[in-house]
Undergrad: 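Let me begin by handing over the structure; questions about it come next.
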Amino acid sequence: MITLDEAQEEVLAACRATSPIEVAVSAALGLILAEDAYASEAVPGFANTAMDGFAVHAADVVSASQETPVRLKVIGTRAAGIAEAQTVGRGEALRIMTGALFPEGADAVAIVEDTRSAGDFVEVLAPSDAGQHIRPAGDDISPGQLLFRAGARLGPGHVGVLCAVGCASVRAFPRPLVGVLSTGDELVEAGPPLEAGQIRDSNRRTLLSLLERDGFRTLDLGIARDDEAAIESALASGVSSCDAILTSGGVSMGDFDYVKTVLDRMGRMRWMQVAIRPSKPFAFGVVGETPVFGLPGNPVSSMVSYELLARPGLRQIAGYLPGELKRPTVRALLAGAGWRGSRDGRTTFVRVGSEFGPDGRLTVSSAGAQGSHQLYAMARANALAVTPPGVTVEEGDAVDVVLID
Ligand code: AMP
Ligand code: MG
């Protein structure tokens, strides 16, 4: 057996980022930047008012109050987007709307709530300091400023900033296309009642869903029978169009585990026994240039090996930085009944539900039956409690958990 770390290193050594492309900002959400992004424009581009009100001279309204209003002559109205030249003199006020270009001459805003209209005049009822409610040019972003470093993941706020500086496209890593193949003579899809020995194919849709959730593009390669030619033709078509392939089933010690045989012939594969439970058997290698992850068939095993082994490799292909590849591990308090680690030297990843208690502490409890075929608990879990071999954990113990949701 090899350790999980060793298996992960093996994967990461063979997964190279896709070649960066120029992507419209409108299509960049969730992508990883391939080069530093700089601002070509200031934001805001000009001094403007943060409030609806009147552009005034602070010195004119120093003594303003409800009892002693200051009367100023209103010289016009300026909406956002209007830029006609207008200078506010002493004793004057320009009515301005939020976002409007701040006029020459004035140095303060009397907010509309502190004013009373009086024909061609406005009565100001409170003083306003010079600069108050004025947003200076560039007070958010200055031209030439480094916005985001290469490796940043573009979230909605990043996209907004790029739009704010007038950037139409960025260099980013394209979303990898990942093919998913199920293997097994027993597998059928939803439809007629099951015949003896048949089961529904759940892995393929689960893996496709995990990939979609994680921002990858997917290609459904269907179900291949336990037949070398069928597996080979499905893999060949996947490898020719995808950036990576996930298969499930056919990688353990059974008589009909042909995925092994076929991949050995097609590519440079390594068959691993990883010291984890579930999901000990794991195959990984490259066919041509395409990384192929041979995940075990048991539904929980295929999900856990996706989280721990495939996902980090796929994220590297998607351009994520080294520190962003693996799921975070945090300490949590075991709230329910405990369990015992394995006796065969494997680290157990117990499916648990985690939640923050009223005291702000993260607590976990078992999500249900822990067999590697028992998918129900996995569906209810949002974390995996890491239990080293031979260790017993009890209610109230602190445990390490990998957050998977
Ligand atoms: P294998 O790795 O092919 O020996 O499969 C291990 C176990 O996982 C067997 O019980 C299979 O029936 C089951 N299995 C394999 N593929 C799938 C699948 N796509 N969906 C659900 N169960 C599967
Ligand atoms: Mg099988």
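Just so you know, ligand 1 is whichever comes first in the structure, and atom 1 is the first atom listed for that ligand.
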Undergrad: Anything with a heavy atom under 4.0 Å from ligand 1 counts, so go ahead and list those protein residues by chain and number.
TA: S182, T183, E186, L187, I199, R200, D201, S202, N203, S248, G249, G250, S252, D257, G297, N298, P299
Undergrad: Give the table of side-chain donor-acceptor pairs shorter than 3.5 Å for residues 205-212, with sequence neighbours excluded, one pair per line with atom names and distance.
TA:
residue, atom, partner, partner atom, Å
T206, OG1, S202, O, 2.6
S209, OG, R205, O, 2.6

Undergrad: Is it true that E123 and K73 have a side-chain N and a carboxylate O under 4.0 angstrom from each other?
TA: no
Undergrad: Can E189 and R200 be counted as an ion pair, charged N to O under 4.0 angstrom?
TA: no
Undergrad: Determine whether a donor-acceptor pair (N or O, by modelled atom type, separation under 3.5 Å) exists between the side chain of D107 and the backbone of A130.
TA: no
Undergrad: Going by atom type alone, with no hydrogens or angles, which donor-acceptor pairs under 3.5 Å involve a side-chain atom of residues 152-159 and a protein atom two or more places apart or on another chain?
TA:
residue, atom, partner, partner atom, Å
R153, NE, Y320, OH, 2.9
H158, ND1, G155, N, 3.0

Undergrad: What salt bridge (charged side-chain N to carboxylate O under 4.0 Å, His left out) pairs are there with at least one residue in residues 279-302, not counting sequence neighbours?
TA: none
